[in-house]
Amino acid sequence: MKKEMIYEGKAKRVYRTDDSDLFIIEYKDDATAFDGKKRGTITNKGILNNKISAIFFQLIEKHGVQTHFVKTLSDREMLVRAVKIVPIEVIVRNIVAGSLSKRLGLPEGTTLKRTVLEFCYKSDELGDPMINHYHTLAMELATEEELKQIEQTALKVNEILKSFLAQRGIVLVDFKLEFGRKDTQILLADEISPDTCRFWDSSTNEKLDKDRFRRDLGNVEEAYWEIYKRVSI
Ligand code: UDP
């Protein structure tokens, strides 16, 4: 049974349930970009992200990675295991895009010779600054063991998603993961959707993700539908 809301973010609400081990996540249509400076709505985004995330979490679980996903409850809601989010955003990059292109002066679309992992400290006031292992350990955001597991899992998730998507004509450019603690376990949490990943069409390089909203490219809802259509077969 759905109880009180315990958290409202930019794209999701989290509710307690009558079982203290379970939360309900509700996906919204609200979209923000550039630290909340750009705001809007993408019609049906919540429904599509709920469905797309569920598909990805089930795929990842099938490959032996533990996630917070339990089951889909409705169009916009999923039941998840209650975790405490580790305050680190893990960014996985296969191809240069977005902030990396600006930071390193490399053109968008450059294939990286090796997968790049980046960590950001989850803090809205600070604008999610990039941090390294030393900061993470000094601030006690995670232990060395946890960090090792988070890195290995992020790389494994990258391989799982990359090959699944390649078979569906989608290039996985980059994406963001969040992890949660459940007792002593680390579980993959949050969402995996066109809000948190960059997806390019393999043959045309057309952007099929939130960059269409960030950069006012039009056909935003259509791009989310296209991803859902391709991953659900
Ligand atoms: N990303 C995200 N949430 C964030 C920051 C980044 O989901 O708060 C995702 C983003 O959608 C992209 C990847 O992480 O798939 C890398 O993003 P980048 O650092 O290039 O930042 P951006 O260009 O989105 O500002």
Side-chain angles (χ1 to χ4, degrees), residues 11-12 25 27 31 33 42 44-69 71-72 78 80 89-101 106-118 120 150-179 187-215 217-233:
K12 298 187 286 296
I25 296 184
Y27 287 78
I42 301 169
N44 293 321
K45 174 171 82 76
I47 296 173
L48 293 165
N49 282 357
N50 185 34
K51 290 180 190 296
I52 295 166
S53 283
I55 290 168
F56 286 144
F57 280 129
Q58 287 170 92
L59 171 77
I60 290 164
E61 285 266 356
K62 214 177 72 191
H63 284 81
V65 175
Q66 288 193 300
T67 79
H68 72 160
F69 180 78
K71 63 176 180 178
T72 300
M78 61 168 63
V80 300
E89 294 190 343
V90 181
I91 293 173
V92 184
R93 299 179 181 275
N94 298 306
I95 293 173
V96 174
S99 63
L100 185 68
S101 168
L106 296 170
E108 268 210 332
T110 309
T111 300
L112 293 159
K113 297 270 187 267
R114 283 186 57 153
T115 304
V116 170
L117 289 189
E118 292 170 1
C120 294
I150 286 171
E151 283 189 345
Q152 280 170 2
T153 306
L155 292 173
K156 182 166 176 182
V157 168
N158 186 38
E159 294 310 314
I160 297 165
L161 294 180
K162 235 183 3 185
S163 76
F164 176 83
L165 290 163
Q167 289 163 30
R168 288 157 179 81
I170 302 165
V171 177
L172 180 59
V173 174
D174 59 28
F175 59 101
K176 185 259 303 177
L177 296 177
E178 293 186 25
F179 292 84
L187 306 181
L188 183 61
D190 194 47
E191 67 176 291
I192 307 174
S193 72
D195 270 11
T196 63
C197 305
R198 284 195 172 94
F199 298 127
W200 292 356
D201 180 272
S202 309
S203 44
T204 63
N205 272 349
E206 189 191 358
K207 296 182 198 325
L208 298 171
D209 56 57
K210 196 172 155 189
D211 270 348
R212 300 204 72 84
F213 167 78
R214 294 188 188 101
R215 303 177 191 190
L217 299 175
N219 295 332
V220 186
E221 188 190 341
E222 288 78 0
Y224 283 62
W225 268 108
E226 184 61 29
I227 292 296
Y228 173 57
K229 206 174 77 190
R230 294 199 202 178
V231 300
S232 57
I233 46 159

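The residues of the chain are indexed from 1 along the displayed sequence.
Residues Ile227 and Ile170 are in side-chain contact: their nearest non-hydrogen atoms beyond the backbone lie under 4.5 Å apart. Under the 4.5 Å side-chain criterion, counting only non-hydrogen atoms from C-beta, Leu188 is in contact with Phe179. Between Ile25 and Glu191, the closest side-chain pair of non-hydrogen atoms is not below 4.5 Å. Between Glu118 and Lys176, every side-chain heavy-atom pair lies at or beyond the 4.5 Å cut-off. Residues Phe69 and Ile60 have side chains not in contact (no heavy-atom distance under 4.5 Å, counting atoms from C-beta outward). Asp190 has its side chain out of reach of Glu89: every pair of non-hydrogen atoms, C-beta onward, lies at least 4.5 Å apart. Taking 4.5 Å as the limit, every side-chain heavy atom of Val171 sits out of range of all side-chain heavy atoms of Phe199. Side-chain contact between Leu187 and Val80: absent, with no pair of heavy atoms (C-beta onward) separated by less than 4.5 Å.
Atom CD1 of residue Ile91 and atom SG of residue Cys120 lie 4.0 Å apart, to the nearest 0.5 angstrom. To the nearest 0.5 Å, atom SG of residue Cys197 and atom CG of residue Leu177 are 7.5 Å apart. A distance of 9.0 Å separates CD1 of Ile192 from CG of Leu59, quoted to the nearest 0.5 Å. Rounding to the nearest 0.5 angstrom, the gap separating the CD1 atom in Ile233 from the CD atom in Gln167 is 10.0 Å. For the atom pair CD1 of Ile95 and OG1 of Thr110, the computed distance is 9.0 Å after rounding to the nearest 0.5 Å. Residue Trp225 holds its CH2 atom at 15.0 Å from CG of Leu208, rounded to the nearest 0.5 Å.
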For Leu112 and Leu100, run side chain to side chain contact (heavy atoms under 4.5 Å, CB included): C-alpha distance rounded to whole Å, both residues' side-chain angles, the deciding distance at 0.1 Å, then the answer.
CA-CA 11 Å; Leu112 293 159; Leu100 185 68; 4.2 Å; yes

Take Ser193 and Tyr27 through the side chain to side chain contact (heavy atoms under 4.5 Å, CB included) test and state the conclusion after the steps.
CA-CA 11 Å; Ser193 72; Tyr27 287 78; 5.8 Å; no

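Taking the side-chain hydrogen bond (donor to acceptor under 3.5 Å, both in side chains) definition, one finds that Gln58 meets it with nothing, sequence neighbours left out. Residues meeting the ring pair (Phe, Tyr, Trp, His ring centres under 6.0 Å) test with Tyr228, sequence neighbours left out: none. A search for side-chain hydrogen bond (donor to acceptor under 3.5 Å, both in side chains) contacts involving Gln152 returns nothing, not counting sequence neighbours. The side chain to side chain contact (heavy atoms under 4.5 Å, CB included) search around Lys71 returns Leu73, Leu79, not counting sequence neighbours. Looking at residues two or more places apart in sequence or on another chain, you find a side chain to side chain contact (heavy atoms under 4.5 Å, CB included) between Glu151 and Leu117, Phe119, His133. Not counting sequence neighbours, the partners of Arg215 by the side chain to side chain contact (heavy atoms under 4.5 Å, CB included) test are Glu108, Arg198, Lys207, Asp211, Leu217. With sequence neighbours left out, the side-chain hydrogen bond (donor to acceptor under 3.5 Å, both in side chains) criterion links Arg168 to no other residue. Take Asp195 and apply the side-chain hydrogen bond (donor to acceptor under 3.5 Å, both in side chains) test, not counting sequence neighbours, and it matches Lys45, Asn49, Tyr224. Checked against side chain to side chain contact (heavy atoms under 4.5 Å, CB included), Ala33 has the following partners two or more places apart in sequence or in another chain: Lys38, Phe213, Arg214.
Counting only residues at least two apart or in different chains, salt bridge (charged side-chain N to carboxylate O under 4.0 Å, His left out) contacts with residues 47-60 comprise Lys51-Asp75. Among residues at least two apart or in separate chains, salt bridge (charged side-chain N to carboxylate O under 4.0 Å, His left out) pairs with a member in residues 221-233 are Asp201-Arg230, Glu226-Lys229, Glu226-Arg230.
Proximity of a side-chain donor or acceptor of Thr72 to a complementary backbone N or O of Met78 within less than 3.5 Å is not detected. Checking side-chain atoms of Ser101 against main-chain N and O of Leu106 turns up a donor-acceptor pair under 3.5 Å.
Shortest non-hydrogen contact noted between Asp209 and Trp200 is OD2-CD1, 4.1 Å. Here the closest non-hydrogen pair linking Ala154 and Phe175 is O-CZ, 4.3 Å.
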Cut-off 3.5 Å, no hydrogens considered: what does the side-chain donor-acceptor table look like for residues 156-165, sequence neighbours left out?
{"from": "Lys156", "atom 1": "NZ", "to": "His63", "atom 2": "O", "distance (Å)": "3.0"}
{"from": "Asn158", "atom 1": "OD1", "to": "Asn94", "atom 2": "ND2", "distance (Å)": "2.9"}
{"from": "Asn158", "atom 1": "ND2", "to": "Asn94", "atom 2": "OD1", "distance (Å)": "3.0"}

